[in-house]
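Let me begin by presenting the structure, written as structure tokens, before commenting on it.
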Amino acid sequence: MKSPVLAASAAIVSLATLGLGVAHAGGVTATLGATYYEVADGSDPDFNVFSTPNVLNGSTLGPNGLPVATASFGVNDVNPTTHEIEWWSPALDSNVVKTGTGTISLPYSSNMFPPNSTGTNDSSFFETAVFKGAFNLAGPGTVSFTLGSDDDSFIYVDGALIGQNPGVHAVTTVEFTSGTLAAGSHNIEVFYDDRQNVAASLSLSADSDITITPTVPEPATWAMMIIGVAGIGGALRRRNRLSPSAA
């Protein structure tokens, strides 16, 4: 059973310095879209076991938008054709179930217990999650990170892996900096999973003048879009009924 005490003592995933040159404290606006999943304990061969996927820095996301492992990946849930790890895809892995979406604001901290990082403990399910956002650079520059996790975590910018903390392990921390990014808009994607039933922890923080906005609409946003489309359709149908028939 996952221990809240162990989880509370686990160190934090810190997504620390996003920006150009020296980071500037204060005035940070950072929001990421979140999608949460659950994997049942005992149903998946990659969960509650010790293994480390081999994902190369600089490699790109696969055709389904998932991290790609090399031939010596060391895990089972890898698509045989695309070599993508499937821990975040109900469409590719029947053991994975999507449980919710939303947004998180940085700084963010959670024990990452299901459902949707709101639970205090769970011995029946493991949680995985994907966080997505976008930011702009006024000029060419680099993006620096401090990343720690329990368990796997991967950070992609514009679909390319720039840093990772893979494997089933107690929390560890790494620091890294991207290559030079061009001025303009960039996407960031953070993949997280808890694969062992002792502790789970994730926090994200940013210290930068840039603004990160979510790239996954919240459920409320989708609802408004659906209502808007339905309203447009209704208006068109009413107008068609009132209009004279075409000859």
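The shown structure was predicted, so the numbers you read here are calculated from the model rather than taken from an experiment.
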Quick one: are P214 and L32 in side-chain contact, heavy atoms under 4.5 Å?
no

Out of curiosity, N111 CG to T120 OG1, how far, rounded to the nearest 0.5 Å?
8.5 Å

Taking a hydrophobic cluster as the set of Ile, Leu, Val, Met, Phe, Trp and Tyr residues connected by side-chain heavy atoms closer than 4.5 Å, whether directly or through intermediates, do V39 and V168 fall within one such cluster?
no

Are the charged groups of D152 and R195 less than 4.0 angstrom apart, N to O?
yes

Close side-chain approach of P90 and V96, heavy atoms under 4.5 Å:
yes

Min side-chain heavy-atom separation K132-N187 under 4.5 Å:
no

Separation between CG (N136) and OG1 (T213), nearest 0.5 Å, reads 8.0 Å

Using a 4.5 Å cut-off on heavy atoms from C-beta on, say whether the side chain of F125 contacts that of P115.
no

Taking all heavy atoms of N79 and all of T82, pick out the closest pair and write down the distance.
OD1-N, 2.9 Å

Separation of I104 CD1 from T31 OG1 (nearest 0.5 Å):
8.5 Å

Show the nearest heavy-atom pair for residues A183 and G139, with the distance to one decimal.
CB-CA, 3.6 Å

Quick one: does any side-chain atom of Q164 pair with a main-chain N or O of V55 as donor and acceptor, under 3.5 Å?
yes

Which atom of E84 lies closest to which atom of G65, heavy atoms considered
OE2-N, 3.4 Å

In Å, rounded to the nearest 0.5 Å, how long is the span from CG of N54 to NE2 of H83?
12.5 Å

Stepwise side-chain hydrogen bond (donor to acceptor under 3.5 Å, both in side chains) check, N116 with T99
CA-CA 7 Å; N116 307 339; T99 58; 2.5 Å; yes

Any idea which heavy atoms bring T180 and P140 closest together, and the distance?
CG2-CB, 4.1 Å

Applying side-chain hydrogen bond (donor to acceptor under 3.5 Å, both in side chains), run through S51 and D46 and close with a yes or a no.
CA-CA 7 Å; S51 64; D46 289 330; 4.6 Å; no

Does the side chain to side chain contact (heavy atoms under 4.5 Å, CB included) test come out yes or no for N48 and Q196, once each step is laid out?
CA-CA 4 Å; N48 217 9; Q196 212 277 336; 3.7 Å; yes

Out of the candidates Y37, F131, F154, Y156, only one should pair with F191 under the ring pair (Phe, Tyr, Trp, His ring centres under 6.0 Å) rule; please name it.
Y156

Can you classify the ring geometry of F126 versus F47 as parallel (below 30°), tilted (30 to 60°) or perpendicular (above 60°)?
tilted

Taking every non-hydrogen atom, the tightest pair across V171 and D150:
N-CB, 3.8 Å

Same apolar cluster (I L V M F W Y, side chains within < 4.5 Å links), F176/L202:
yes

Quick one: closest heavy-atom pair of N197 and D41, and the distance?
ND2-OD2, 4.3 Å

With a 4.5 Å limit on heavy-atom distance, are the side chains of L181 and H186 in contact?
yes

Atom OG in S110, atom OH in Y192: separation rounded to 0.5 Å?
8.5 Å

Common cluster, I162/V68, ILVMFWY with side-chain heavy-atom separation under 4.5 Å
no

Point-to-point distance, once rounded to the nearest 0.5 Å, from CG of L161 to OG of S178
12.0 Å

Under 4.5 Å between any side-chain heavy atoms of P53 and W87, yes or no?
yes

Kindly indicate, with the supporting measurements, whether the criterion side chain to side chain contact (heavy atoms under 4.5 Å, CB included) is fulfilled by I188 and V143.
CA-CA 11 Å; I188 178 172; V143 183; over 6 Å; no

